[in-house]
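Working notes, structure below.
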Amino acid sequence: MITMVKDMQENKKKIVGIKAAEYIKDGMIVGLGTGSTAKYLVERVGELVKDGLKIQAVATSKATEEQARELGIPLLDVNEVEYLDIAIDGVDEIDKDFNATKGGGGALFREKIVASLSKEVIWIMDDSKLVDAIGDFPLPVEILPYGYKVTLKRLKDLGLNPVMRLKNNELYVTDNGNYIADLHMSAPVDVKDIKEKLDNTVGVLETGQFLNMCNRIIVGTDDGVKIFENK
Ligand code: 5RP
């Protein structure tokens with residue numbers, strides 16, 4: 001039973017990855033997201049490139065870069081581009097105003113840079129990511145290792161319940177060489193208030209708050225793919 005539910009979840013991720021790839025056209029510079037849903041997108045883009053699609057891509061993490069390279073997708077360094085035509089990525093939680101939490105996979109900083117450079121942003125997900133109000137998924141915040149204990153204390157004093165992210169019992173290190181504090185709150189949260197607090201906290205480098213930064217979302221459901229435009 002559990003295996004069946006997992007398979008259905010995987011299938012939802014796969015169909016949105018495949019659907020999103022339809023938006024990629026010849027000549028585009030494409031931002032490739034990170035995570036278990038974006039992985040299917042990258043897989044599909046690899047197939048299309050093999051079949052002759054002519055694109056160049058910017059990866060949002062070392063993991064995605066590695067996957068793309070193995071699949072023969074031509075890669076550009078982000079510093080080589082002035083803009084991207086399209087960026088496609090996953091999310092951890094999203095509300096009906098298209099406010100999202102991202103960074104569960106730790107790639108939030110690069111994901112935000114890529115999204116901010118992109119003319120069009122598409123987020124792909126299974127339907128478990130759609131929520132009435134964001135806040136239950138711990139909000140990842142990338143912080144500078146230098147003085148991180150002070151930053152952690154400041155976040156605590158703001159009532160944001162930070163917990164340092166660990167990997168194999170060590171502090172988790174991002175692709176940028178920084179740490180992540182996950183802020184444990186509960187929905188509904190006041191996203192603007194949290195943004196202001198984080199913007200004003202020295203040591204916080206970037207946050208997983210992606211507020212109304214996408215043009216469309218593609219959602220995998222029991223009834224297939226659903227697309228919602230952000231007008
Ligand atoms: C990585 C991300 C991912 O897009 C997000 O965590 C969703 O991942 P998944 O598709 O595996 O649920 O922000 O930093």
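The figures that follow rest on heavy atoms only: side chains count, while hydrogens, waters and symmetry mates do not. Quantities reported herein were computed from a predicted structural model and do not represent experimental measurements.
- Using a 4.0 Å cut-off between charged nitrogen and carboxylate oxygen, Glu120 and Arg216 count as a salt-bridge pair.
- A pairwise comparison of heavy atoms in Ala181 and Pro162 identifies CB-CB, 4.2 Å as the closest pair.
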Give the intermediate values and the outcome of side chain to side chain contact (heavy atoms under 4.5 Å, CB included) for residues Asp190 and Lys192. CA-CA 6 Å; Asp190 182 340; Lys192 292 212 172 110; 3.8 Å; yes
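- In the displayed structure, Asp132 atom CG is contacted under 6.0 Å by at most 12 heavy atoms of other residues, nucleotides or ligands.
- The pair Asp26-Lys54 does not count as a salt bridge, with every side-chain nitrogen at least 4.0 angstrom from each carboxylate oxygen.
- Hydrophobic clustering places Leu158 together with Tyr148 (ILVMFWY residues linked when any side-chain heavy atoms are closer than 4.5 Å, directly or through intermediates).
- In this structure, Asp222 pairs ionically with Lys12, as a charged nitrogen and a carboxylate oxygen lie closer than 4.0 Å.
- A donor-acceptor pair is defined here as one N or O able to donate and one able to accept, closer than 3.5 Å; no such pair exists between the side chain of Asp136 and the backbone of Ser186.
- Nearest heavy atom pair, residue Asp92 against residue Gly103, reads OD2-N, 3.1 Å.
- At a threshold of 4.5 Å between non-hydrogen side-chain atoms, the residues Val141 and Leu108 do not count as touching.
- Checked for salt-bridge contact, Glu22 and Lys19 meet the test: a charged N lies under 4.0 Å from a carboxylate O.
- Checking Asn176 against Glu142 by side-chain atom types alone, a donor-acceptor pair falls below 3.5 Å.
- Without hydrogens or angle criteria, Asn161 side chain to Leu183 main chain gives no donor-acceptor distance under 3.5 Å.
- The two residues Trp123 and Gly90 come nearest to each other via the heavy atoms CD1-O, 4.4 Å.
- A donor-acceptor pair shorter than 3.5 Å can be found between the side chains of Ser128 and Asp126.
- Not a single donor-acceptor pair under 3.5 Å links the side chain of Glu196 to the backbone N or O of Asp193.
- Although no hydrogens or angles enter the test, the distance criterion places a donor-acceptor pair under 3.5 Å between the side chain of Asp77 and the main chain of Asn79.
- Taking a cutoff of 4.0 Å between a charged side-chain nitrogen and a carboxylate oxygen, Glu66 and Lys62 do not qualify as a salt bridge.
- When all heavy atoms are compared, the tightest approach of Val114 to Gly31 is CG1-CA, 3.8 Å.
- Tested against Tyr40 for a side chain to side chain donor-acceptor pair (under 3.5 Å), the candidates Lys14, Lys13, Glu10 yield a single pass: Glu10.
- The pair Glu47-Arg44 meets the salt-bridge criterion, with a side-chain N (NZ, NE, NH1 or NH2) lying under 4.0 Å from an Asp/Glu carboxylate O.
- Looking at Gln56, its side chain never comes within 3.5 Å of a backbone N or O of Leu75 through a donor-acceptor pair.
- The existence of a salt bridge linking Glu93 and Lys129 is excluded, since no basic side-chain nitrogen approaches an acidic carboxylate oxygen closer than 4.0 Å.
- Shown here for Leu53 and Lys25, the closest heavy-atom pair between the two residues is CD1-C, 3.9 Å.
- Taking CD1 of Ile217 as the reference point, atom CD1 of Ile227 lies at 10.5 Å (rounded to 0.5 Å).
- Side chains of Met164 and Tyr179 form a contact here, defined as non-hydrogen atoms less than 4.5 Å apart.
- Side-chain contact between Leu41 and Ile124 is present, with at least one heavy-atom pair separated by less than 4.5 Å.
- At distances below 3.5 Å, not a single donor-acceptor pair connects side-chain atoms of Asn178 with backbone N or O atoms of Val173.
- Under the 3.5 Å distance criterion, the side-chain polar atoms of Asp85 are matched with a main-chain donor or acceptor of Ile29.
- At least one donor-acceptor pair closer than 3.5 Å links the side chain of Thr221 to the backbone N or O of Gly224.
- Summarising the geometry of Ile218 relative to Ala20, their closest heavy-atom pair is CD1-CA, 3.8 Å, with the distance given to 0.1 Å.
- At a threshold of 4.5 Å between side-chain heavy atoms, the hydrophobic network of Ile, Leu, Val, Met, Phe, Trp and Tyr places Val45 and Val16 in one connected group.
- At distances below 3.5 Å, not a single donor-acceptor pair connects side-chain atoms of Thr64 with backbone N or O atoms of Ser61.
- With a 4.5 Å cut-off on side-chain heavy atoms, Ile55 and Ile24 count as touching.
- Between Asn212 and Asp97, the side chains place no donor N or O within less than 3.5 Å of an acceptor N or O (distance only, hydrogens not considered).
- In this structure, Lys102 contributes its side chain and Glu111 its backbone to no donor-acceptor pair below 3.5 Å.
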